[in-house]
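In what follows, residues are counted from 1 in the order of the sequence shown. Note that these values count all heavy atoms, side chains included, but never hydrogens, waters or copies made by symmetry.
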Amino acid sequence: MIDYKNKGILKDSIREYSLLVAIKRLMTYIRPYSTMALGAFILSIVSSALLVLRPYLIKIAIDNHIISGNLVGLNRLMILFIVLYLVRLIVGYLIGLTTGLLGQNVMHDLRMDIFTHILSMEMRFFDHNRVGRLMTRTTDDVNALNELYTSGAVRIMNNSSILLGIIIIMFIMDWKLALITLTITPLMYLAAHMFANKIRVVYRNIRKGTARLSAFLQESIQGIRIIQLMRRTSWSFNKFSSYSENIMGSRIANVKYYGLFFPVMEFIGALGLAVILSSSGWRILQGTLQIGVIVAYIRLVDMFFWPVRELAENFNVMLSALAASERIFTLLDTRSGIRDPEMPAPKPAGTEIVFDKVWFAYDGEDWVLKDISFRVAPGERVAFAGPSGAGKTSIVSLLLRYYEVNRGRILVDGRDIRDIPLAELRGLISFVGQEPFLFNRSVSDNINLGDDNINSERIRKVLTKMRADKFFDSLENGLNTVVRERGSRLSQGQQQLVSFARALATDRKILILDEATSSVDTFTENLIQEAVPVLMENRTSIVIAHRLSTVRNVNCIHVIAHGKIRETGSHAELMERNGLYAKLCKMHMEE
């Protein structure tokens, strides 16, 4: 059993990754598109070089042409200046196009990794993770990374190469003045370091708050009928307001940090300009420093702080992306405790089921099933009855391997189900649960779920056997009628009929009915009851029933209470015994 509390899954606990580790993992998604990334990097260097050449051309224009009066050379220099500007525009367009394509490809791969991982997780994982939180990982968190891989990555590469280019040009023109200018860089680094530490915490809190808000919103919309019926709208409003205020507080802290950071950087830039002017004035008077150099330096210093400010703004994108990446990587690093075997057993025929001294608990040792043993022979029909919470549905969940047994073993045709690949095991079983789930698709699509082997003719035959074809022919578009979200266009009975037809259309060896008729009307139940005996032929069948009238014709009934099998026998035998089963039947008749 996996302890998810130590896996960073409960209570929005997110594992913190170092900056280096997070960046390294993000880079792995660029690797398949390394050629595209390299092209963007080279174009970025070219763009930066074209930009930093401008002050140098200004220096040449002043010292070599304006002061000397060489206007012919000045005109040629200005033409070169304009050409370089136009070339940089073209290069900028190519950078945006390349990084845009790179970002979209990476985002697609990341979304697919997240969704594939979610599909592979065991049910225990979903017990501890609300839908809204997982949706935030796949949408909002991925979008935050999208900004980093596209516009953020471009600006970071551009501004970094611009800074490097400015420093190189400074040293080419006057190394002494360059060293004096760089004396202010420690102040810039200190300010940026303090800012990064504060703002990373803020973005982590923003992401955490957004996930909580999304989860609560999704849950509230799904439960809107109960909220309105129980007059809990005020409670929901206050809860939502609390989540929203937490996000607002983090956003305000973000604004405050940025509001303080930029003036500090402006002040450091003013200090740098003052240092340059004071140190270069006397050199100009002595004739050891050209006027064009100081004019170019003033321009370069202004350009020097511009990419620094841009990089600071990139923290907004980068740190938001890193906070999102921590949430994504925490999800991806959470492994399911239920996996395919390394050495799978031969595929079973799926005709015999054996529970051998099975113990199971959802948490710790709060046992739901205690030393459960039984056998379902090939083609046999077995039912489980008992009070609510006795552990009946848990038996089915273990057979489907939604959860792993704590002790004992489950065999299908003599093979431990842990040695059978999950796809093969579940491919043996047709299942109808107590609460049908329908997708916002047509009736036909909800039955075949994209399986090309289940065509309209096969669906029609299944519905005819169930005597349910008239139900769906009466709909506006028949089997092509879209049922809307969660089947809201259909009655509860019709929803269950679709779910029943879905299971039977697959024609698998094992059929499980988990209280499949407890939520339908009497007329619909009668239709199903007439079809069930025919549909159970040549199948190993397990029926879990709340309405005990549905289990009278099975071969064997196991009565479960408090996680143990208390009685076993046919309906007649159990009624004659006058034990727990007989009491349950009497209670059902009184209802």
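For the atom pair CG (Leu119) and CD1 (Ile114), the distance works out to 12.0 Å, reported to the nearest 0.5 Å. Residue Ser161 holds its OG atom at 11.0 Å from CG of Leu43, rounded to the nearest 0.5 Å. The distance from atom CG of Asp333 to atom CZ of Arg25, rounded to the nearest 0.5 Å, is 4.0 Å. Rounding to the nearest 0.5 Å places CG of Leu187 at 9.0 Å from CZ of Phe267. With rounding to the nearest 0.5 angstrom, the NE2 atom of His108 is 11.0 Å from the CG atom of Leu110. The line from CG of Asn448 to CD1 of Ile459 is 4.5 Å long, rounded to the nearest 0.5 Å.
Between Leu57 and Leu84, the closest side-chain pair of non-hydrogen atoms falls below 4.5 Å. Looking at Arg88 and Arg54, their side chains come closer than 4.5 Å, going by heavy atoms from C-beta outward. Arg335 is listed as a side-chain neighbour of His117, based on a closest heavy-atom distance under 4.5 Å. When side chains are defined from C-beta on, Phe431 does not count as touching Thr506, because their heavy atoms never get closer than 4.5 Å. By the 4.5 Å heavy-atom criterion applied to side chains, Phe171 and Leu179 are counted as neighbours. Side-chain atoms of Tyr29 and Leu145, non-hydrogen and from C-beta on, never get closer than 4.5 Å to each other. Residues Phe329 and Leu26 meet the side-chain proximity criterion, which asks for heavy atoms closer than 4.5 Å. For the pair Phe126 and Ile118, the minimum side-chain heavy-atom distance is below 4.5 Å.
Under a 3.5 Å cut-off, the side chain of Ser48 and the backbone N or O of Ser44 do form a donor-acceptor pair. With hydrogens and angles disregarded, a donor-acceptor distance shorter than 3.5 Å links the side chain of Thr481 to the backbone of Asn477. A donor-acceptor pair under 3.5 Å is absent between the side-chain atoms of Ser499 and the main chain of Gln495, judged by distance alone. Side chain of Thr210 to backbone of Ile206: a donor-acceptor contact under 3.5 angstrom is found. For Asn143 (side chain) and Thr139 (main-chain N/O), a donor-acceptor pair under 3.5 Å exists by modelled atom type. Not one N or O on the side chain of Arg418 forms a donor-acceptor pair closer than 3.5 Å with the backbone of Pro341. At distances below 3.5 Å, not a single donor-acceptor pair connects side-chain atoms of Ser244 with backbone N or O atoms of Phe240.
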Could you go through the side chain to side chain contact (heavy atoms under 4.5 Å, CB included) check for Phe125 and Leu134 one step at a time? CA-CA 11 Å; Phe125 171 83; Leu134 297 176; 3.9 Å; yes

- Message: For Met248 and Ile252: C-alpha separation, side-chain torsions, deciding distance, then whether side chain to side chain contact (heavy atoms under 4.5 Å, CB included) applies.
- Response: CA-CA 6 Å; Met248 181 178 67; Ile252 290 174; 3.9 Å; yes

Item to check | Derivation and outcome, side chain to side chain contact (heavy atoms under 4.5 Å, CB included), residues Glu122 and Arg401 | outcome: CA-CA 8 Å; Glu122 60 182 299; Arg401 215 176 165 214; over 6 Å; no

Would Val91 and Ile95 count as a side chain to side chain contact (heavy atoms under 4.5 Å, CB included) if you check the C-alpha gap in whole Å, the side-chain angles of each, and the deciding distance to 0.1 Å?
CA-CA 6 Å; Val91 171; Ile95 291 174; 4.0 Å; yes

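Taking both residues in full, the closest heavy atoms of Asp109 and Tyr33 are given as OD2-OH, 2.7 Å, listed atom of the first, atom of the second, then distance.
For Phe216, the ring pair (Phe, Tyr, Trp, His ring centres under 6.0 Å) test picks out Tyr243, with sequence neighbours left out.
By the 6.0 Å contact criterion, CE on Met78 is enclosed, its count of non-hydrogen atoms from other residues, nucleotides or ligands being greater than 12. Met194 CE: 12 or fewer foreign heavy atoms inside a 6.0 Å radius. Around atom CE of Met107, more than 12 heavy atoms belonging to other residues, nucleotides or ligands sit under 6.0 Å away. Counted within 6.0 Å of CZ on Arg441, heavy atoms from surrounding residues, nucleotides or ligands total 12 or fewer; the atom is thus considered open.
For the pairing with Ser442, the side-chain hydrogen bond (donor to acceptor under 3.5 Å, both in side chains) check across Asn440, Asn446, Asp445 returns one residue only, Asp445.
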